[in-house]
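Report on the following structure.
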Amino acid sequence: MSFTLIQQATPRLHRSELAVPGSNPSLFEKAAKGAADIIFLDLEDAVAPDDKEQARKNIIQGLNDLDWGSKTMMIRINGLDTHYAYRDVVDVVENCPRLDMILIPDRRAAGRLRHRHAGHPDRAV
């Protein structure tokens with residue numbers, strides 16, 4: 001049994017989500033100003049294979065440079081069975097303190113997911 005007190009998370013509204021392709025950074029500012037409670041910047045289905053690395057860079061820049069207000073910010077990574085997934089997680093998590101959540105697109109992924117807190121003990125997945 002642990003007696004460690006854990007600070008309660010701030011409640012967030014989840015009335016609406018807006019998906020924005022990471023390959024189209026011109027839509028980021030519009031999304032930031034919109035009314036959606038959650039914005040998920042997509043690296044998966046909405047991004048062509050040849051654009052995935054640039055989309056990841058766009059998302060990192062967008063998360064760091066734009067004012068997202070009180071929105072919950074999420075990225076949808078590529079499937080864990082792809083060679084893109086590792087860099088999606090590592091590059092964005094290491095460079096974006098504004099990121100709130102990671103959406104894993106494969107419903108079977110929970111059993112396969114392994115996570116270390118290397119360098120990020122204050123973040124949970």
With [X], which residues qualify under side chain to side chain contact (heavy atoms under 4.5 Å, CB included), at least two apart?
X	answer
Q61	D65
H83	none
A19	F40
P21	S23, N24, L27, A46

| query | Apart from V90 itself, what residues make up its hydrophobic cluster when side-chain heavy atoms of I, L, V, M, F, W and Y under 4.5 Å apart count as a link, directly or indirectly? | reply | Y86

| query | Is any side-chain heavy atom of L63 less than 4.5 Å from a side-chain heavy atom of P97? | reply | no

In Å and rounded to the nearest 0.5 Å, what is the [atom1] to [atom2] distance from [X] to [Y]?
X	Y	atom1	atom2	result
L99	I59	CG	CD1	9.5 Å
D88	E44	CG	CD	9.5 Å
E94	I60	CD	CD1	9.5 Å
I75	I39	CD1	CD1	14.5 Å
C96	D91	SG	CG	9.5 Å
N78	I104	CG	CD1	12.0 Å

For residues [X] and [Y]: do they belong to one hydrophobic cluster (side chain heavy atoms under 4.5 Å, members Ile, Leu, Val, Met, Phe, Trp, Tyr)?
X	Y	result
L103	M73	no
I38	V93	no
M74	V20	no

Looking only at heavy atoms, what is the nearest atom pair of [X] and [Y], with distance?
X	Y	value
N58	F28	O-CE2, 3.4 Å
D67	A32	O-CB, 3.7 Å
D100	K71	OD2-O, 3.7 Å
R76	D45	NH2-CB, 3.7 Å
R56	L43	N-CD2, 3.5 Å
A36	S16	CA-OG, 3.3 Å

| field | side chain to side chain contact (heavy atoms under 4.5 Å, CB included) assessment of V47 paired with K52 | value | CA-CA 6 Å; V47 179; K52 291 193 183 280; 3.7 Å; yes

| Derivation of the side chain to side chain contact (heavy atoms under 4.5 Å, CB included) call for M101 and T72 | CA-CA 8 Å; M101 295 191 296; T72 298; 3.6 Å; yes

| field | Counterpart residues, salt bridge (Lys or Arg N to Asp or Glu O under 4.0 Å), relative to K33 (two or more places apart) | value | E29

